[in-house]
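Along the sequence shown, residues are numbered consecutively beginning with 1. Both counts, for ligands and for their atoms, begin at 1 and track the order of listing. Quick note: numbers below take in every heavy atom, side chains included, and nothing from hydrogens, waters or symmetry partners.
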Amino acid sequence: MAEPNTVPPAAVHSDALVFFGATGDLAYKKIFPALQAMIKRGSLDVPVIGVAKAGWNLDQLKARAQDSLEKHGGVDAEAWKKLSSLLRYVDGDYSDKATFVEVRKQLGGAQHPAHYLAIPPSLFETVIEQLVNSGSARGARMIVEKPFGHDLASAKELNRILLSAFPESSIFRIDHYLAKGPVHNMVSFRFSNAFLEPLWHRDYIESMQITMSENFGVQGRGSFYDQTGAIRDVVQNHIFQVMCNIAMECPARRDSEAVRDEKVKVLRAIPPIESCNLLRGQFEGYQSEKGVAAGSTVETFAALQLEIKSWRWDGVPFYIRAGKNLPATCTEVVAKLRKPPQTYMTDPAPGNYMRFRISPEMTIALAVSVSKQDENGLRSLVELEACRHPEPDEMEAYERVLTDAMAGDATLFARQDYVEEAWRIVDPVLKANTAVYPYAPQTWGPAGAPEPLQKNVTPPGGWHPISDDTDSYHVVPPDTSR
Ligand code: BG6
């Protein structure tokens, strides 16, 4: 089905947005609010064509869009008026040629449309083929949503389908985590502060911890989640992206390829995760969720250890844990530094650490050891913490990714080689069918897993406690392992 594609030069702005899955959940929760925000900021002034098979007309789509805005941040009268004038709607089956004839008609004179597939990956091939055959793929950009496959083989197949019609430079694979300000900020913090670099490697760092915990369950997404599980849902994509930001070398240039090259280099240095370094858990009650199979062995919690065999990181264990129905909603990275030598002071010094909180608020904290005069001069760790709440007009992740994709800036999107490397790391362990241990809702994962496994997936000294405290100065609870 491949036909020569006229690639839009990176600087050319897409002159129309076509989004498939216009009546779906993602459009309702994220896309309409993002489109309104883009209009308010002045970055969207092209036709927006929704496509779906719902038996709807344009007025019904507009009503849905308005309802979406009311529920997600509110309607801005002026921006809504504009969005409403830009909206078009095509109702039809994705396998029906007539649907795409109509899309082409609605595109009018647009030369470089952006097609956004907010639909299940099983429909990608059909839609792409129809876009090619109807002449709507030429000169266009393609925006796709995660999951990018289910394992390494399916990810390769998905890439084959995408690349049969679009060059890699025109494909934008969304991982919305990358578009979060604090995730972005970790990179600028690392590469714009000279004091950090001398510490940021195996000589000073003892271990890295990354936690992505959510205090809610599967929120009605049982049938999706039961095909997915925590590793595929967030570890292989969101958490790996965060890990690459903390582990990569400074890109040689600011362009998207230089940044993405460095990320891929991190993944290439990671051997596949071994079964003895992965603990999978499932919260009690998960199997009663709608859409979840009885006897399901899908994990809602994963804790694992991996290593990055690079000059900078060899020998530093990276610990990752993620799960649903845990005690807090928080994403945080903790870099634990090695302990200083015990010479001048008589009590053992606690090791310093740096903490980056990505959500709910952005925090950067440095834990330093101080003497407490009131406690016989014994030392304890105190966090020096900088915390920032989002500005009212800060870009939400979906506004950011749609704006960047339409402008042709690929920095925040996953490249083909990155996606395949990420799957390579988890693929064997996903297929190993390791045991799944139950855990009580609102606890930090399975307490009953075998001791050697627990030890392999727990940082020395334990996980850094996730606190709700966002004061700018507080004392850290003592580390009992020392
Ligand atoms: C999604 C996952 O990609 O990311 C969800 O499918 C998860 O399970 C969500 O809850 C977390 O993202 P955010 O931006 O809501 O923290």
Shortest non-hydrogen contact between I210 and I239, atoms and distance: CG2-CG2, 3.8 Å
Find all atoms of ligand 1 within a distance of less than 4.0 Å from any non-hydrogen atom belonging to K146, and give their numbers and elements. 1 (C), 2 (C), 3 (O), 6 (O)
Taking all heavy atoms of R260 and all of A410, pick out the closest pair and write down the distance. NH1-O, 3.4 Å
Could you find the nearest protein heavy atom to atom 9 (C) of ligand 1 and give me its residue, atom name and distance? E214 OE2, 4.0 Å
For Y177 and ligand 1, does the shortest N/O to N/O distance drop below 3.5 Å? no
So the atoms of ligand 1 within less than 4.0 Å of a heavy atom of K180 turn out to be 13 (P), 14 (O), 16 (O)
Residue and atom name of the nearest protein heavy atom (relative to atom 15 (O) of ligand 1), distance in Å to one decimal: H176 NE2, 4.4 Å
Does some non-hydrogen atom of R221 fall short of 4.0 Å from ligand 1? yes
Ring geometry between F19 and F32 (parallel below 30°, tilted from 30 to 60°, perpendicular above 60°): perpendicular
Give me the atom names and distance for the closest heavy-atom approach of F172 to G408. CZ-CA, 3.8 Å
Taking distance alone, with no angle check, do Y225 and ligand 1 share an N/O pair under 3.5 Å? no
Among T329, D233, I358, which residue places a heavy atom closest to atom 2 (C) of ligand 1? D233
In ligand 1, which numbered atoms sit nearer than 4.0 Å to a non-hydrogen atom of M212? 11 (C)
Strictly below 4.0 Å, N to O, side chains only: are K40 and E78 in salt-bridge contact? no
Donor-acceptor contact below 3.5 Å, side chain R357 vs main chain V333: no
For ligand 1, which atoms have a heavy atom of K324 less than 4.0 angstrom away? 5 (C), 7 (C), 8 (O), 10 (O)
Short list, please: which atoms of ligand 1 are under 4.0 Å from a heavy atom of H238? 1 (C), 3 (O), 4 (O)
Which pair of non-hydrogen atoms, one from Q227 and one from H150, has the smallest distance, and what is that distance? O-CE1, 2.7 Å
Where does the angle between the aromatic ring planes of Y89 and W56 fall among parallel (under 30°), tilted (30 to 60°) and perpendicular (over 60°)? tilted
